[in-house]
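Each remark here refers to the structure printed beneath this line.
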Amino acid sequence: MLQVPFIRDNKAVVIERLSKRNIDAAKLIDDVIVLDEKRRSTQADLDNTLAESNSISKEIGNLFKSGKVEEANALKAKTGELKEASKTLTEQLNTTAESLQELLFQIPNVPHESVPDGNSEEDNEEVFKAGEVPSLHEGAQPHWELAKKYDIIDFELGNKITGAGFPVYKGKGARLQRALIAYFLDKNTAAGYTEYQLPHLVNEASGIGTGQLPDKEGQMYHVTEDNLYLIPTAEVPGTNIFRNTVLNEADLPIGITGYTPCFRREAGSYGAHVRGLNRLHQFDKVEIIRVEHPTKSYEALDSMVNHVKGILEELKLPYRILRLCAGDTSFASALTYDFEVFSTAQDRWLEVSSVSNFETFQANRLKLRFKNANGKNELAHTLNGSSLALPRILAGILENYQTETGIDIPEVLRSYTGFDSI
RNA sequence: GGAGAAAUGGCAGAGUGGUCGAAUGCGGCAGUCUUGAAAACUGUUGAGGGUCACACCUCCGGGGGUUCGAAUCCCUCUUUCUCCGCCA
């Protein structure tokens with residue numbers, strides 16, 4: 001959520017930057033400013049009414065004390081009127097504030113100046129590419145075939161137990177999953193991130209805090225009996241650690257990492273791109289989250305990108321980094337880099353990580369602040385990224401490391417798996 | 001799941017209808033003293049809205065109510081603690 005004073009002071013810039021997202025925000029921004037003015041003037045009226053009412057109440061108290069009961073009772077009539085007035089004003093204030101909030105919820109984050117124009121993934125800018133695309137043997141297969149051939153992932157069993165998109169990992173497949181999680185967590189903690197184990201269900205306030213609610217409600221599994229939501233990413237519980245928090249400047253930067261399963265309804269997805277591990281309702285992911293001083297957040301973003309790069313290089317997977325264009329950058333993000341691994345057998349790029357700087361957009365909703373050098377509370381910047389998402393990494397490994405006789409395990413993982421090949 | 005108790009500022013902890021945004025202690029910050037530090041002493045120290053700045057308003061777990069007036073009374077939700085039950 002953008003800050004109203006920021007919108008007020010930078011109206012033209014906000015509109016211009018939002019136009020990169022292909023949004024004509026002029027009307028929306030005007031409405032916000034008008035509503036905010038109305039909110040403030042209603043608040044002022046209400047405050048004055050309450051002030052008068054407060055002072056009369058005090059007077060009544062004093063009159064009662066000195067035994068002037070009749071005078072006191074006379075004043076009560078006056079406060080009755082004020083009470084009515086303040087009630088109406090409160091209602092007005094609430095509706096105005098709600099409408100304002102609704103508008104603000106509709107406005108995405110302002111893209112960073114380096115974000116390229118564009119509407120779709122074709123306009124994303126490749127900023128880095130590395131790794132060798134292996135030349136596979138004749139008859140190389142996509143991972144869903146390999147999974148069946150080596151009996152390491154059972155999609156049909158998942159269908160039986162739960163439904164589509166809930167695969168069952170077996171034997172070496174399960175062990176490889178566990179190895180990847182442990183390896184990622186080790187890399188992240190070695191880079192200074194503190195490991196967390198987080199709840200997999202969150203309440204409504206947390207969903208609102210990171211922006212899944214109220215808009216993207218349909219994307220989360222909802223446990224209605226207890227009004228809890230299954231997390232779509234560790235970002236939700238991880239970032240909500242800091243909801244309604246005032247940190248000390250010296251606490252920054254904060255870096256945390258955690259492994260969680262992620263649950264996504266993926267309503268509306270279909271087709272070839274959802275085959276195998278490409279798109280699932282439940283998958284595993286190791287996330288990194290940072291809370292940064294506003295002057296340091298882009299430095300932090302770079303270091304996160306370098307960190308993920310390091311992991312992909314150790315895994316020796318061919319990958320590229322994209323700077324997402326404005327149209328492809330998620331609602332809350334100011335700047336996002338996507339990492340994609342090349343799947344040789346599928347002959348396509350698979351997104352394995354998305355690293356974003358949200359600047360104050362999330363912090364504003366979360367009320368995540370720190371006490372700055374002047375002793376004032378200031379919104380912090382939040383960032384997060386996958387480090388990394390398991391299924392497509394697994395797909396990438398299976399497909400790129402396949403040989404005619406099996407699947408080699410990347411060397412860095414062998415101490416975790418306890419075997420060299422499948 | 002049942003019975004009972006509780007939730008107050010960074011922490012501890014007073015406050016059961018009016019002058020309480022809130023005693024006191026600890027902690028934090030600033031100063032005095034000191035070569036420096038500690039101790040001692042003095043001052044200061046929650047958040048949000050609003051204003052050029054004041055004023056002013058709101059917040060004593062969340063929401064609602066009673067009252068001219070609520071931290072204080074009532075309802076409700078959440079959380080914590082104690083006891084019982086169940087349980088990995």
Side-chain angles (χ1 to χ4, degrees), chain A residues 1-9 32-101 103-104 197-209 213-214 222-229 237 240-252 254 291 360 362-380:
Chain A
M1 195 165 69
L2 294 175
Q3 300 170 81
V4 176
F6 175 80
I7 294 176
R8 221 190 300 151
D9 297 341
V32 164
I33 290 171
V34 168
L35 271 178
D36 178 56
E37 267 163 23
K38 187 171 173 213
R39 200 208 92 233
R40 289 190 348 254
S41 76
T42 312
Q43 178 83 60
D45 291 346
L46 176 62
D47 287 356
N48 290 334
T49 311
L50 289 175
E52 199 180 335
S53 172
N54 285 346
S55 89
I56 293 176
S57 289
K58 267 183 195 164
E59 217 176 317
I60 291 174
N62 289 331
L63 288 171
F64 271 125
K65 249 180 207 164
S66 47
K68 296 174 184 164
V69 177
E70 273 179 39
E71 285 178 48
N73 283 330
L75 280 177
K76 282 192 190 180
K78 178 73 180 156
T79 56
E81 283 170 35
L82 291 171
K83 206 176 177 183
E84 277 306 306
S86 70
K87 208 172 164 186
T88 332
L89 284 168
T90 304
E91 278 163 20
Q92 276 178 30
L93 182 66
N94 288 342
T95 44
T96 310
E98 263 169 46
S99 320
L100 178 60
Q101 180 88 316
L103 288 188
L104 288 170
Q197 277 201 20
L198 296 159
H200 301 170
L201 280 89
V202 293
N203 58 29
E204 207 174 344
S206 292
I208 292 169
L213 298 175
H222 186 191
V223 181
T224 51
E225 190 165 1
D226 299 295
N227 198 26
L228 296 172
Y229 295 86
N240 273 284
I241 291 172
F242 304 102
R243 172 155 46 87
N244 286 326
T245 301
V246 183
L247 300 163
N248 294 313
E249 198 166 10
D251 296 336
L252 302 174
I254 294 172
V291 181
T360 60
Q362 280 186 330
N364 190 31
R365 259 206 209 194
L366 289 164
K367 296 201 168 54
L368 162 54
R369 295 148 297 172
F370 68 96
K371 215 164 260 308
N372 68 20
N374 302 324
K376 291 276 182 198
N377 287 343
E378 185 177 340
L379 292 174

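Throughout, a chain's letter reflects where its sequence line sits, starting with A, and its residues are numbered from 1.
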Within the 4.0 Å heavy-atom criterion, would you say [X] contacts the bases, only the backbone, or no part of the nucleic acid?
X	result
A:Thr79	sugar-phosphate
A:Asn377	sugar-phosphate
A:Ala51	sugar-phosphate

Taking OP1 and OP2 of B:rG50, is either one under 4.0 Å from a side-chain nitrogen or oxygen of A:Arg39?
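For B:rG50, OP1/OP2 do have a side-chain N/O of A:Arg39 under 4.0 Å.
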Given the [atom1] atoms of [N] and [M], what is the spacing between them in whole Å?
N	M	atom1	value
B:rG25	B:rC75	P	37 Å
B:rC81	B:rG61	C1'	15 Å
B:rU58	B:rG65	P	16 Å
B:rC77	B:rC83	C1'	24 Å
B:rG63	B:rG9	C1'	22 Å
B:rU45	B:rC11	C1'	14 Å
B:rU82	B:rG46	P	34 Å

Measure from [atom1] on [X] to [atom2] on [N] and round the result to the nearest Å.
X	N	atom1	atom2	value
A:Gln43	B:rU51	CD	P	10 Å
A:Glu52	B:rC68	CD	C1'	13 Å
A:Glu37	B:rU51	CD	P	10 Å
A:Lys78	B:rG69	NZ	P	15 Å
A:Lys87	B:rU67	NZ	C1'	14 Å
A:Arg365	B:rG48	CZ	P	20 Å
A:Asn203	B:rG61	CG	C1'	14 Å
A:Lys76	B:rU66	NZ	C1'	13 Å

I'd like to check [X] versus [Y] (side-chain heavy atoms, cut-off strictly below 4.5 Å). Are they in contact?
X	Y	answer
A:Leu50	A:Leu89	no
A:Thr245	A:Arg369	no
A:Leu247	A:Leu368	yes

Donor + acceptor pair across side chains of A:Thr42, A:Asp45 (<3.5 Å):
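Result is no, nothing qualifies.
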Starting at the 5' end of RNA chain B, which residue's closest nucleotide do you reach first, A:Val246 or A:Leu46?
A:Val246
Which residue lies toward the 5' end of RNA chain B, A:Ser53 or A:Lys58, if each is placed at its nearest nucleotide?
A:Lys58
Can you tell which of [options] lies closest to the side chain of [X]?
X	options	value
A:Arg369	B:rA47, B:rG49, B:rC56	B:rA47
A:Leu50	B:rG48, B:rG18, B:rU58	B:rU58
A:Asn54	B:rC57, B:rU51, B:rC68	B:rC57
A:Lys83	B:rC56, B:rU58, B:rU67	B:rU67
A:Lys371	B:rC57, B:rG69, B:rA47	B:rA47

Where the side chain of A:Asn203 meets the backbone of A:Ser206, is there a donor-acceptor pair that is under 3.5 Å apart?
yes
Report yes or no: is there a donor-acceptor pair, N or O only, under 3.5 Å between the side chain of A:Asp47 and the base of B:rG49?
yes
For A:Gln43 and A:Asp47, run side-chain hydrogen bond (donor to acceptor under 3.5 Å, both in side chains): C-alpha distance rounded to whole Å, both residues' side-chain angles, the deciding distance at 0.1 Å, then the answer.
CA-CA 6 Å; A:Gln43 178 83 60; A:Asp47 287 356; 3.1 Å; yes
